[in-house]
Amino acid sequence: MALNNLSPAVGSTKGRKRVGRGQGSGMGKTSTRGHKGQKSRTGYKVKRGFEGGQQPLQKRLPKVGFTSRVVKPYTISIDRVTKIAELEEITIESIKSVHKIQSSVKKVKLIGAGAKELASKIKDENVLYSGMNK
């Protein structure tokens with residue numbers, strides 16, 4: 001037995017359909033395309049998602065946006081919440097004890113005129129401050 005002698009088992013493969021080779025082949029005349037119509041013509045192609053003029057499914061369904069993976073910080077104005085400036089160490093837990101914040105908040109940004117002076121008190125990497133003074 002050698003590679004050049006290999007052949008598939010008897011009955012396991014079918015011969016290919018020879019279309020458009022005369023009436024005797026059984027696939028002559030219309031060449032298995034039926035009669036008339038767009039599908040019988042040369043160069044026919046259906047656009048992806050085309051439903052024969054009916055509004056396609058992707059247009060019937062509502063749009064779905066995306067959620068950004070960048071966590072935006074919760075901003076707190078130091079001018080309004082003066083209790084934060086009075087804290088000795090500024091962490092998210094200490095801010096939550098003084099100011100009402102949702103438990104889902106992961107980052108806090110302090111803004112306002114006195115925010116830059118608080119930079120030395122900040123002990124948590126998730127607490128940011130605005131470097132700009134008003």
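Along the sequence shown, residues carry numbers from 1. Source: prediction; values computed, not measured.
When side chains are defined from C-beta on, Y129 does not count as touching L118, because their heavy atoms never get closer than 4.5 Å. Using a 4.5 Å cut-off on side-chain heavy atoms (C-beta onward), I90 and D124 make no contact. Side chains of I111 and I76 form no contact here, defined as non-hydrogen atoms less than 4.5 Å apart.
Formation of a donor-acceptor pair under 3.5 Å by the K121 side chain with backbone atoms of L87 is found in this model. Of the possible donor and acceptor atoms, none in the side chain of K39 sits under 3.5 Å from a partner among the backbone N and O of G34.
Shortest non-hydrogen contact noted between I101 and V108 is CD1-CG2, 4.4 Å. Taking each heavy atom of K100 and Y74 in turn, the nearest pair found is O-OH, 4.3 Å. The minimum heavy-atom distance linking V105 with K96 is given by the pair O-NZ, 3.8 Å. Residues A115 and S130 approach most closely at CB-O, 4.0 Å, considering heavy atoms.
From L57, atom CG reaches atom CD of Q55 across 10.5 Å, with rounding to the nearest 0.5 Å. Taken from CD in E89 to CD1 in I95, the straight-line distance is 12.0 Å, to the nearest 0.5 Å. In this structure, L110 CG and K116 NZ are separated by 14.5 Å, a value rounded to the nearest 0.5 Å. Once rounded to the nearest 0.5 Å, the distance linking OG1 of T91 with CG of N126 reads 10.5 Å.
Think of L128 as one node in a network of Ile, Leu, Val, Met, Phe, Trp and Tyr side chains linked at under 4.5 Å; it has no links at all.
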Donor-acceptor list for residues 26-33 side chains, cut-off 3.5 Å, not counting sequence neighbours:
residue	atom	partner	partner atom	Å
R33	NH1	S40	O	3.4
R33	NH1	R41	O	3.3

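Criterion: ILVMFWY side-chain heavy atoms under 4.5 Å apart, direct or through other members. Under it, L3 and M1 are part of a common hydrophobic cluster.
Dense packing is recorded around CD of Q58, with more than 12 heavy atoms of other residues, nucleotides or ligands lying under 6.0 Å away. Open room surrounds CD on Q102; 12 or fewer heavy atoms of other groups in view lie less than 6.0 Å from it.
Pairs passing the salt bridge (Lys or Arg N to Asp or Glu O under 4.0 Å) check and including a residue from residues 47-63, sequence neighbours excluded, read E51-R60.
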Item to complete: Please lay out, stage by stage, how S97 and S94 fare under the test side-chain hydrogen bond (donor to acceptor under 3.5 Å, both in side chains).
Response: CA-CA 5 Å; S97 66; S94 63; 5.6 Å; no
